[in-house]
2 protein chains.
Amino acid sequence: MPRRVTIDDVARLAEVHKATVSRALNAQTRDQVNAETLKRVKRAARQLGYVPNAMARGLRTSRSMTIGVIIPDLMNPIFPPIIRGIEHVLQAQGYTVLIANTDSHDDVEISVLESLLQRRVDGFILATGRLDDHTVIDEATAADVPVVLVNRGAGMGGFPLVSGDNAHGIDLALAHLLDLGHRHIVHAAGPLNFSTTRSRAEAFEVAATKAGVEHGTIYASGLTIEAGFDVADQILAGRGRCPTALVAGNDLVALGLIRRLRAEGLRCPEDVSVVGFNDMPFAEDFWPPLTTVHMPLREIGAEAARLLLRGIDAGEQEGVTVTLPVSLLVRGSTAAVGG
Amino acid sequence: MPRRVTIDDVARLAEVHKATVSRALNAQTRDQVNAETLKRVKRAARQLGYVPNAMARGLRTSRSMTIGVIIPDLMNPIFPPIIRGIEHVLQAQGYTVLIANTDSHDDVEISVLESLLQRRVDGFILATGRLDDHTVIDEATAADVPVVLVNRGAGMGGFPLVSGDNAHGIDLALAHLLDLGHRHIVHAAGPLNFSTTRSRAEAFEVAATKAGVEHGTIYASGLTIEAGFDVADQILAGRGRCPTALVAGNDLVALGLIRRLRAEGLRCPEDVSVVGFNDMPFAEDFWPPLTTVHMPLREIGAEAARLLLRGIDAGEQEGVTVTLPVSLLVRGSTAAVGG
DNA sequence: TTGTAAGCGTTATCAG
DNA sequence: CTGATAACGCTTACAA
């Protein structure tokens with residue numbers, strides 16, 4: 001197994017010193033070297049198949065050109081678009097994105113964080129959305145690494161935050177249901193330790209009260225299909241009339257709701273209308289096509305990346321909050337009451 | 001901005017030499033150090049919040065403990081489960097997974113490959129599934145880095161390969177449709193430069209011919225909803241009768257087919273049955289719930305990771321092919337002909 | 001414009 | 001069991 005070719009090998013072949021090779025191969029310093037030698041160095045590098053060692057470089061420069069992105073669950077389809085947005089802006093600046101899944105599990109959150117810290121990421125984008133994990137925030141603060149939060153309601157210790165306009169999304173959903181004549185609406189919210197849950201649930205309470213309709217909120221155990229399924233169970237088990245419309249904490253919960261309702265012989269939207277949240281990929285292909293609040297996921301990711309870059313370059317961060325506009329996508333899961 | 005704490009700082013506080021700290025902190029060498037000193041070192045490390053520098057370590061050991069996973073498109077929902085399978089086994093061995101999206105784009109494929117090579121990944125898992133990009137294979141071979149292929153039909157230069165049993169999947173799908181009385185079936189295959197396309201299309205041709213039914217194959221321009229949409233266009237535009245059943249190259253294509261058919265007033269499954277391939281997440285939530293060939297995506301990822309680990313440890317690889325069993329999931333998108 | 005030399009933070013080898 | 005020392009591959013003052 002032949003040792004990998006190093007900058008010294010290139011230098012030898014090009015008959016210059018390795019410092020010159022370094023200068024020639026870096027865009028920043030390229031103009032410090034003679035056009036003739038530059039050509040020679042480039043040729044030698046190509047000929048040998050030289051690939052710079054990022055670890056050595058990072059050790060020297062103490063920048064890894066790497067960004068850690070921490071998400072709770074890659075399987076949740078809202079994350080791929082967000083990641084894509086992030087990668088799009090970061091790759092353009094020469095950064096590599098390290099995606100770390102926590103599986104919403106505390107131990108693995110700590111261990112992936114550790115691993116990213118060891119790799120000396122130049123910044124974090126934190127999309128766990130949990131309210132209670134100060135761990136990451138604290139560690140990142142201690143390590144003095146810039147952080148941008150995604151989809152977190154309240155600013156957590158002065159880090160920049162980007163998210164969609166949750167409250168307005170709820171307002172749109174409710175207005176739509178009201179329009180359709182619904183007067184008994186339940187909010188199948190996410191778990192309370194998600195910040196988005198809080199803002200959405202509060203907005204729901206306010207808007208529903210103001211509208212003067214019968215309403216209630218049930219908190220799911222997670223933002224998953226299964227959790228939505230369970231919430232539907234509770235609704236069905238509850239004595240009293242069934243609501244005619246449901247506002248779900250996200251699209252996955254909406255899906256669970258619909259599945260369970262259908263199993264019970266209740267059709268959506270004929271018997272009960274359901275509106276989701278996020279407009280996850282494929283929301284329009286579901287059965288029925290989901291009426292949902294569209295979140296600009298890709299743009300959220302991109303904006304988070306931009307904010308992070310700014311923080312890295314500036315050497316310090318300001319706790320700005322960027323709230324991106326949302327819209328309501330009316331599809332097949334909502335209909336006029338009694339329709 | 002306080003300089004990060006290094007192994008020397010820990011050594012100073014623990015009043016030992018840094019070599020001892022290194023030994024104390026590595027599981028491999030931990031037993032070479034006195035229990036007393038071990039405790040002291042650990043305490044000092046914790047007290048200072050020491051986080052080992054993976055770049056320095058990697059430079060010294062020439063192992064990055066990093067695996068590069070190259071996929072064409074994170075937005076395709078089959079990849080998250082595969083990645084999860086990969087991460088599950090790799091993380092357990094202390095590896096970090098670097099996910100690289102190529103967007104099915106040659107330039108970015110080359111640039112992400114470059115970036116992974118620079119970071120000195122200890123191995124690659126290649127899930128692009130393309131038949132024509134020797135680039136990655138060649139570069140990896142040149143760099144002498146172990147590679148495992150995922151979902152690629154023909155073995156490409158002696159690397160291990162893991163995939164689902166494509167031919168059998170097609171057989172199952174066809175047998176099901178035949179059972180339902182279909183006698184005119186079209187295969188909406190993927191693009192020809194995907195290896196899976198080839199195995200599936202060949203199996204379809206063989207099985208349909210053997211069954212003696214009217215059949216044909218149309219190649220989509222991609223494995224996407226849009227491509228499926230276009231194939232449906234071609235089918236509808238074609239003079240002559242419309243087939244009563246379609247076997248799609250994957251679930252996304254199936255979705256596109258269904259969307260287009262529906263726009264034309266053709267219902268699925270009443271007017272035309274559609275079978276997908278992969279059993280991607282949410283396939284059961286579509287409209288209609290997709291009858292599809294289930295691929296053990298997670299297990300495919302896990303197996304690929306195991307194979308890679310074996311190759312890394314052995315220092316050389318053998319070109320084994322692992323074919324995982326598939327099954328047919330009958331849901332709502334298929335029905336008896338004329339039903 | 002190019003060469004020299006030091007040093008980034010580890011681990012491995014060799015003594016003690 | 002622990003310490004000293006060199007080396008991993010690169011960048012960057014500084015000197016020539």
Subject >> Contact letters for nucleotides 9-16 of chain C, in which S counts primed atoms plus P, OP1 and OP2 and B counts the base, heavy atoms under 4.0 Å >> reply: BBBBB---
Which residues share a side chain to side chain donor-acceptor pair (under 3.5 Å) with [X], sequence neighbours left out:
X        : value
A:Asn76  : none
B:Thr66  : A:Arg119
A:Gln118 : none
A:Asn53  : none

Donor-acceptor list for residues 39-51 of chain B side chains, cut-off 3.5 Å, not counting sequence neighbours:
unit_1  : atom_1 : unit_2  : atom_2 : d
B:Arg40 : NE     : B:Ala14 : O      : 2.9
B:Arg40 : NH2    : B:Ala14 : O      : 3.1

Original post:
Is any side-chain nitrogen or oxygen of A:Thr20 closer than 4.0 Å to OP1 or OP2 of C:dG3?
Top reply: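 A:Thr20 to C:dG3 OP1/OP2: side-chain N or O found under 4.0 Å.
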Mind checking what makes salt bridge (charged side-chain N to carboxylate O under 4.0 Å, His left out) contact with [X], not counting sequence neighbours?
X        : value
B:Glu139 : none
B:Asp9   : B:Arg3, B:Arg12
A:Arg298 : none

Give the table of side-chain donor-acceptor pairs shorter than 3.5 Å for residues 20-28 of chain A, with sequence neighbours excluded, one pair per line with atom names and distance.
unit_1  : atom_1 : unit_2  : atom_2 : d
A:Asn26 : OD1    : A:Arg57 : NH1    : 3.0
A:Asn26 : ND2    : A:Ser22 : O      : 3.1

**OP:** Five pairs at each end of the helix from C:dT1-D:dA16 to C:dG16-D:dC1: take the axis at both ends and give me the angle between them to 10°.
**Re:**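 Answer rounded to 10°: the end axes differ by 30°.
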**OP:** Specify the closest pair of heavy atoms between B:Leu90 and B:Ala305, including all atoms of both residues, with the distance to one decimal.
**Re:**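 Of all heavy-atom pairs spanning B:Leu90 and B:Ala305, the closest is CD1-CB, 3.7 Å.
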Subject >> Comparing B:Glu15 and A:Ala54 on DNA chain D - which has the more 5′ nearest nucleotide >> reply: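 It is B:Glu15 whose nearest nucleotide is closer to the 5' end.
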Original post:
Hey, where on DNA chain D does chain B first and last touch, going 5' to 3'? Cut-off is any atom under 4.0 Å from a heavy atom.
Top reply: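 The contacted stretch runs from D:dC1 to D:dG9.
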